[in-house]
Amino acid sequence: MISTWSEWKRYPRAGRGENLEAPITPGIYEVRVAGTGALHSFGAVDNVAQALALLTIGSKSWFGRRDPEITPDLEYRTCATSSRAAAKAAAERMIGRRETYMSGAA
């Protein structure tokens, strides 16, 4: 069973004390660049909150610190499911729909 998507939320920036709001259950997440809507990352996972927290955002400098000026302005949404299998099936359906749309739009 799949629930509905959450609203788009701003992805927390490092050093600002902002928090992620995501389920700790299986589900799907989507991260996009706020200004353009370009897809940054997408996945079907066992723990949505953990997957979003571990995402690599921006680039790292030679000294191992992230450069805040290079970090894109991102936003994310989530969708909880009853199991990882349900999340994977829903993600595959979404990917299929996007591929069909893109092939028709080209």
Side-chain angles (χ1 to χ4, degrees):
M1 182 179 152
I2 185 169
S3 64
T4 59
W5 283 99
S6 69
E7 295 294 320
W8 286 101
K9 300 170 189 166
R10 184 180 181 148
Y11 195 88
R13 293 187 181 191
R16 292 194 177 191
E18 300 170 340
N19 295 315
L20 281 168
E21 294 177 24
I24 57 171
T25 61
I28 308 167
Y29 68 88
E30 184 174 15
V31 180
R32 69 181 183 185
V33 178
T36 64
L39 182 65
H40 180 276
S41 54
F42 174 83
V45 294
D46 287 324
N47 184 323
V48 179
Q50 183 179 31
L52 284 171
L54 296 175
L55 260 167
T56 303
I57 306 296
S59 62
K60 292 190 177 187
S61 75
W62 287 61
F63 302 107
R65 294 188 182 157
R66 290 187 183 157
D67 186 353
E69 295 166 8
I70 298 176
T71 304
D73 188 22
L74 300 175
E75 54 189 9
Y76 69 98
R77 66 180 180 163
T78 62
C79 181
T81 59
S82 57
S83 67
R84 182 156 195 268
K88 188 174 179 182
E92 288 172 357
R93 282 193 308 275
M94 290 179 67
I95 291 168
R97 285 188 207 140
R98 284 187 181 175
E99 288 173 354
T100 301
Y101 172 78
M102 295 307 286
S103 67

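Leu55 and Val31 get closest at one heavy-atom pair: CD1-CG2, 3.7 Å. Taking each heavy atom of Thr25 and Ala80 in turn, the nearest pair found is OG1-CB, 3.8 Å. Residue Ala87 comes nearest to Thr81 through the heavy atom pair CB-OG1, 3.4 Å, listed as atom of the first residue, atom of the second, then distance. In terms of heavy atoms, Ala44 sits closest to Ala91 at CB-CB, 3.9 Å.
Hydrophobic cluster membership is shared by Ile95 and Trp5, with clusters built from Ile, Leu, Val, Met, Phe, Trp and Tyr side chains linked at under 4.5 angstrom. Taken together through direct or relayed side-chain contacts under 4.5 Å among Ile, Leu, Val, Met, Phe, Trp and Tyr, Leu74 and Trp8 form parts of separate hydrophobic clusters.
Listed by chain and number, the residues in a salt bridge (charged side-chain N to carboxylate O under 4.0 Å, His left out) with Glu21 are Lys9 (sequence neighbours excluded). Annotation: side chain to side chain contact (heavy atoms under 4.5 Å, CB included) contacts of Glu92 (sequence neighbours excluded): Lys88. Residues passing the side chain to side chain contact (heavy atoms under 4.5 Å, CB included) test with Ala22, sequence neighbours excluded: Val48, Ala49, Leu52, Thr78. For Pro12, the side chain to side chain contact (heavy atoms under 4.5 Å, CB included) partners at least two apart in sequence or on another chain are Glu18, Leu20, Tyr76.
Under the salt bridge (charged side-chain N to carboxylate O under 4.0 Å, His left out) criterion, the residue pairs touching residues 31-46 are Arg32-Glu75, Asp46-Arg84, with sequence neighbours excluded.
With values rounded to the nearest 0.5 angstrom, His40 atom NE2 is found 9.5 Å from Tyr29 atom OH.
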